[in-house]
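Worksheet: the structure to be examined is printed underneath.
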Amino acid sequence: MRRAIFPGSFDPLTNGHLDIIKRSLPLFDEIIIAVLNNVDKHPMFSVRERCSMLKAILPEISNSKCCLTIESFSGLTADFAREREATAIVRGIRAVSDYEYELRMALMNRRLEPAIETVFLMAAEEYSYVSSNLMKQVFELGGRVEGLVPQFVEEKMREKLSKK
Ligand code: PNS
């Protein structure tokens, strides 16, 4: 049984995240999309909203060979991965600029849990500049994020903005 976790903030989910999830499907029997409950940040969406957006999109990306589930977690990613008996942590790399941060996290996670490997997948070129933070910033300033986040997520972002 090859079980992996794909941890992140997913605030909000982008097409870059979906690209990485799709690429990881053939590699594992089970992937847990692990939504970090980060108390010290000011998220656009609550953890519950982020999880339900991911759940809504699951039927579009699932395949019959890999079981995809969504969970939220608090604390260390390495602890969550061990508790779920995962053997891998999936992370996406977009550009060289991601490498240093990701390397530090991977090495720290390895130190915390030597049996768990971090698996890096390269994002598609068209999403190489897409990050949740950039999407929020552009959207809040009236820019278009069409094609960079799922349409459903864009609608939820619009709803959020209208309530501000
Ligand atoms: O999508 P993000 O925000 O880049 O994801 C970052 C995430 C959630 C993977 C990272 O912040 C994380 O693992 N946080 C949990 C706390 C933790 O384990 N910190 C030490 C990492 S070495």
Side-chain angles (χ1 to χ4, degrees), residues 3-25 28 31-58 60-61 68-84 86 88-110 112-113 116 118-124 126-141 143 145 147-161 163-164:
R3 181 182 295 130
I5 66 161
F6 178 41
S9 306
F10 303 101
D11 184 44
L13 171 71
T14 68
N15 284 347
H17 290 128
L18 290 182
D19 177 63
I20 295 296
I21 296 169
K22 284 182 199 159
R23 286 173 198 281
S24 59
L25 289 178
F28 300 100
I31 299 168
I32 302 169
I33 304 173
V35 181
L36 178 67
N37 195 351
N38 34 356
V39 278
D40 46 40
K41 280 195 180 174
H42 297 287
M44 180 178 229
F45 294 102
S46 68
V47 170
R48 186 194 280 232
E49 286 171 323
R50 285 181 259 159
C51 287
S52 59
M53 277 190 273
L54 274 158
K55 274 188 191 125
I57 219 86
L58 272 196
E60 281 181 35
I61 54 171
L68 259 183
T69 54
I70 294 146
E71 279 190 57
S72 62
F73 77 104
S74 305
L76 289 172
T77 293
D79 286 345
F80 180 75
R82 190 195 53 246
E83 282 159 22
R84 293 294 176 273
I89 296 171
V90 172
R91 291 290 290 171
I93 296 244
R94 291 163 298 195
V96 175
S97 50
D98 282 340
Y99 179 74
E100 211 178 311
Y101 168 65
E102 293 296 337
L103 178 70
R104 274 190 278 129
M105 274 211 298
L107 293 177
M108 192 65 216
N109 283 331
R110 182 188 279 167
L112 293 166
E113 271 311 319
I116 301 174
T118 297
V119 176
F120 291 120
L121 298 178
M122 302 303 142
E126 68 253 48
Y127 304 128
S128 60
Y129 61 95
V130 174
S131 71
S132 297
N133 283 340
L134 192 63
M135 295 304 101
K136 280 187 281 194
Q137 194 186 93
V138 169
F139 193 80
E140 280 173 5
L141 296 172
V145 294
L148 303 179
V149 301
Q151 203 185 334
F152 169 77
V153 171
E154 198 184 335
E155 282 156 22
K156 294 279 170 201
M157 289 171 88
R158 193 164 298 119
E159 275 173 33
K160 272 281 163 197
L161 210 61
K163 283 184 195 147
K164 261 192 171 181

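FYI, the numbering just counts along the sequence from 1.
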Query raised in the report: What heavy-atom pair brings Leu148 and Met135 nearest, and what distance separates the two atoms?
Result: CB-SD, 3.7 Å

Report task. Could you tell me the separation between the CG atom of Asn38 and the OG atom of Ser74, rounded to the nearest 0.5 Å? Result -> 9.0 Å

Query - Enclosure of Arg48 CZ (heavy-atom neighbours >12, cutoff 6.0 Å) - result: no

Query raised in the report: Stepwise, does the salt bridge (charged side-chain N to carboxylate O under 4.0 Å, His left out) test hold for Lys22 with Asp19?
Result: CA-CA 5 Å; Lys22 284 182 199 159; Asp19 177 63; over 6 Å; no

Query raised in the report: What distance do Ser9 atom OG and Asn37 atom CG have between them, rounded to the nearest 0.5 Å?
Result: 10.5 Å

Query raised in the report: Rounded to the nearest 0.5 Å, what separation is found between the CG atom of Leu112 and the CG atom of Leu76?
Result: 6.0 Å

Query - Side chain to side chain, Phe6 and Ile20, heavy atoms closer than 4.5 Å - result: yes

Query raised in the report: Which pair of heavy atoms, one from Tyr129 and one from Leu134, lies closest together, and at what distance?
Result: O-CD2, 3.2 Å

Query raised in the report: Run the side-chain contact (heavy atoms from CB on, under 4.5 Å) check on Ile32 and Phe80 step by step: do they pass?
Result: CA-CA 10 Å; Ile32 302 169; Phe80 180 75; 4.2 Å; yes

Report task. Supply the atom-to-atom distance Asp11 CG to Ser131 OG, rounded to the nearest 0.5 angstrom. Result -> 11.0 Å

Query raised in the report: Can you tell which of Lys55, Lys156, Lys160 makes a salt bridge (charged side-chain N to carboxylate O under 4.0 Å, His left out) with Glu49?
Result: Lys160

Query raised in the report: Can you find a heavy atom in the side chain of Phe45 that is under 4.5 Å from one in the side chain of Lys136?
Result: no

Query - Sidechain-backbone polar pair: Arg84 side chain, Ala4 backbone, donor-acceptor under 3.5 Å - result: no

**Report entry** Any Tyr127 side-chain heavy atom under 4.5 Å of Arg94 side chain
**Finding:** no

Query raised in the report: Below 4.5 Å, heavy atoms only, C-beta onward: do Val90 and Arg23 meet side chain to side chain?
Result: no

**Report entry** Other residues, nucleotides, ligands: >12 heavy atoms within 6.0 Å of Glu159 CD
**Finding:** yes

Report task. Check the surroundings of atom OH in Tyr99: do more than 12 heavy atoms from other residues, nucleotides or ligands lie under 6.0 Å from it? Result -> no

Query raised in the report: Do Thr77 and Leu36 touch side chain to side chain, with heavy atoms closer than 4.5 Å?
Result: no

Requested in this report: Give the minimum heavy-atom separation between Met53 and Val153, together with the two atoms involved.
Outcome: SD-CG2, 3.9 Å

**Report entry** CG-CG distance between Leu13 and Leu54, expressed to the nearest 0.5 angstrom
**Finding:** 5.0 Å

Report task. Using the side-chain contact (heavy atoms from CB on, under 4.5 Å) rule, take Ile5 and Glu71 through it: C-alpha gap first, then chi angles, then the decisive distance, then the call. Result -> CA-CA 10 Å; Ile5 66 161; Glu71 279 190 57; over 6 Å; no

Requested in this report: Classify the angle between the aromatic ring planes of His17 and Phe10 as parallel (below 30°), tilted (30 to 60°) or perpendicular (above 60°).
Outcome: tilted

**Report entry** Residue pair Arg50 / Pro43, side-chain heavy-atom distance below 4.5 Å
**Finding:** yes

**Report entry** Audit row: Ile116, Asn109, side-chain contact (heavy atoms from CB on, under 4.5 Å) steps and yes/no
**Finding:** CA-CA 8 Å; Ile116 301 174; Asn109 283 331; over 6 Å; no

Requested in this report: Check whether any side-chain heavy atom of Thr118 lies under 4.5 Å from a side-chain heavy atom of Arg110, and answer yes or no.
Outcome: no

Query raised in the report: Counting distance only, does the side-chain N/O of Ser72 pair as donor-acceptor with the main-chain N or O of Val35 below 3.5 Å?
Result: no

Report summary line: Distance col, row Arg158:CZ vs Phe139:CZ, nearest 0.5 angstrom, shows 5.0 Å

**Report entry** Heavy-atom pair with the smallest gap, counting every atom of Val149 and Asn15
**Finding:** C-OD1, 3.4 Å

Query raised in the report: Any side-chain heavy-atom pair from Ile21 and Ile33 closer than 4.5 angstrom?
Result: yes

Query raised in the report: Judged by atom type as modelled, is there a donor-acceptor pair below 3.5 Å linking the side chain of Asp98 to the main-chain atoms of Ile93?
Result: no

